[in-house]
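Both backbone and side-chain heavy atoms feed into the values below; hydrogens, waters and symmetry mates do not. Note that the structure is predicted; figures quoted are calculated from it, not measured.
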Amino acid sequence: MHYYQFNIGDYQSHTNHLDPLEDLAYRRMLDWCYLHEKPLPLDPNEIARIIRLRDHAVIIRNVLTEFFSRYGEGWVCDRVLEEIQHYKAKIEQASRAGKASAERRSNGGSTDVQLTNNHKPITNNHIKESKDSLSAGLPTCPHQDILNLYKKHLPQLAQPRVWDGVRQTNLRQRWLQAAKPSIFSPQGYSSQTEGLAWWDSFFVYIANDTKLAQGFETKDRTWRPDLVWIVNATNFAKIIDGKYQK
């Protein structure tokens, strides 16, 4: 990929705590993943070499821990993985639509292919799928069903009144992340039914086996997480790792 969308507000909201070198390393790592369409190497020293920050492997290791996940033999940012898969699916869909259009013209018929504002062909099926930025081969993230499971098992925690923008993006990324067999469950899941069963057990785990459901006493109040906090990439990984177990 030689181009990707960049949401300035979204990026700043997640990286305001980074110092200039950490920010530079993160941006270069993202660019490298997009350009080469593959994970970063496992070795931080090798990453430091390919992004031209040879003397800053420690900084790179910190950025990896916060923003990337280890997938097999490399480090992947879930957002990058989703965007690349969506990009490839879009190209494949456009190719199929173009072939269908050519075939219909040769047969003297018409095509149901529409044109977008930038005049790229897109089919009705793809319009439906693009609303949820599907990763190829994985089921659509059922946001409302997951919110209902969260409310069912963790009613004592704050319930979101609005679920859009970055909140939807983060939940969708965690949905795709948990679906992969090599991440958080031996089997993963490949259907909404299986996925909702996984998320049901995940919220049961939070409710029964972690300190999060009761919250933490601070100096002047009791702090409790909410779903926005739970589906943040860093917090999600810490829960899975058992950091908050009783």
Pairwise distance CH2(Trp198) to CD1(Ile146) - rounded to 0.5 angstrom: 9.5 Å
Cluster overlap Trp32 with Tyr11, hydrophobic side-chain contacts below 4.5 Å: yes
Single-linkage hydrophobic cluster Phe216~Tyr205, side-chain heavy atoms < 4.5 angstrom: yes
Residue pair Asn62 / Glu66, side-chain donor-acceptor N/O under 3.5 Å: no
Closest heavy-atom pair and its distance - Leu18, Tyr26: CD1-CD2, 4.3 Å
Closest approach of Leu157 to Gln159 (non-hydrogen atoms, all atoms of both residues): O-NE2, 2.9 Å
Transitive ILVMFWY side-chain link Leu42 to Val58, under 4.5 Å: no
CD1-CD distance between Ile51 and Glu46, expressed to the nearest 0.5 angstrom: 11.0 Å
Aromatic centroids of Tyr189 and Trp175 separated by under 6.0 Å: yes
Pairwise side-chain contact, Arg174 with Ile230, heavy-atom cut-off 4.5 Å (strictly under): no
Contact summary for Asp226 and Ala158, nearest pair of heavy atoms: CB-O, 3.9 Å
Pro41 versus Ile47, closest heavy-atom pair with distance: O-CD1, 3.2 Å
Asp23 side, atom CG; Ile59 side, atom CD1 - distance, nearest 0.5 Å: 11.5 Å
Interatomic distance, Ile239 atom CD1 to Asp209 atom CG [nearest 0.5 angstrom]: 12.5 Å
Test item: His14 and Asn170 side chains (from C-beta on) under 4.5 Å apart, heavy atoms: yes
Within-4.5 Å side-chain heavy-atom neighbours: Pro225 and Asn235: no
Side chain to side chain contact (heavy atoms under 4.5 Å, CB included) between Leu227 and Arg167, intermediate numbers included: CA-CA 9 Å; Leu227 187 57; Arg167 295 181 176 193; over 6 Å; no
Side-chain donor or acceptor of Asp241 paired with backbone N/O of Lys243 under 3.5 Å: no
Same apolar cluster: Ile50 and Leu24, side chain cutoff 4.5 Å: yes
Nearest heavy-atom neighbours spanning Lys211 and Gln245: CE-O, 3.4 Å
Any Leu30 side-chain heavy atom under 4.5 Å of Phe67 side chain: no
Test item: Arg172 side-chain N/O and Cys141 main-chain N/O as donor-acceptor pair under 3.5 Å: no
Leu154 vs Leu212 side-chain heavy atoms within contact, under 4.5 Å: no
Modelled atom types, side-chain donor and acceptor of Asp200 and His153, under 3.5 Å: yes
Beyond-backbone contact of Leu147 with Leu171, side-chain heavy atoms, under 4.5 angstrom: yes
Closest approach of Ala57 to Pro44 (non-hydrogen atoms, all atoms of both residues): O-CB, 4.0 Å
Centroid-centroid under 6.0 Å between Trp229 and Tyr244 rings: yes
Interatomic spacing from CZ in Arg28 to CG in Leu35 - rounded to 0.5 Å: 13.5 Å
Hydrophobic cluster membership, Tyr34 vs Ile8, 4.5 Å side-chain cutoff: yes
Test of ring centre spacing under 6.0 Å for Phe236 and Trp199: yes
Side-chain heavy-atom pair Lys246, Gln214 within 4.5 angstrom cut-off: yes
Spatial distance of atom CZ (Phe203) from atom CG (Asn208) [nearest 0.5 Å]: 13.5 Å
Trp75 side chain near Pro39 side chain, heavy-atom distance below 4.5 Å: no
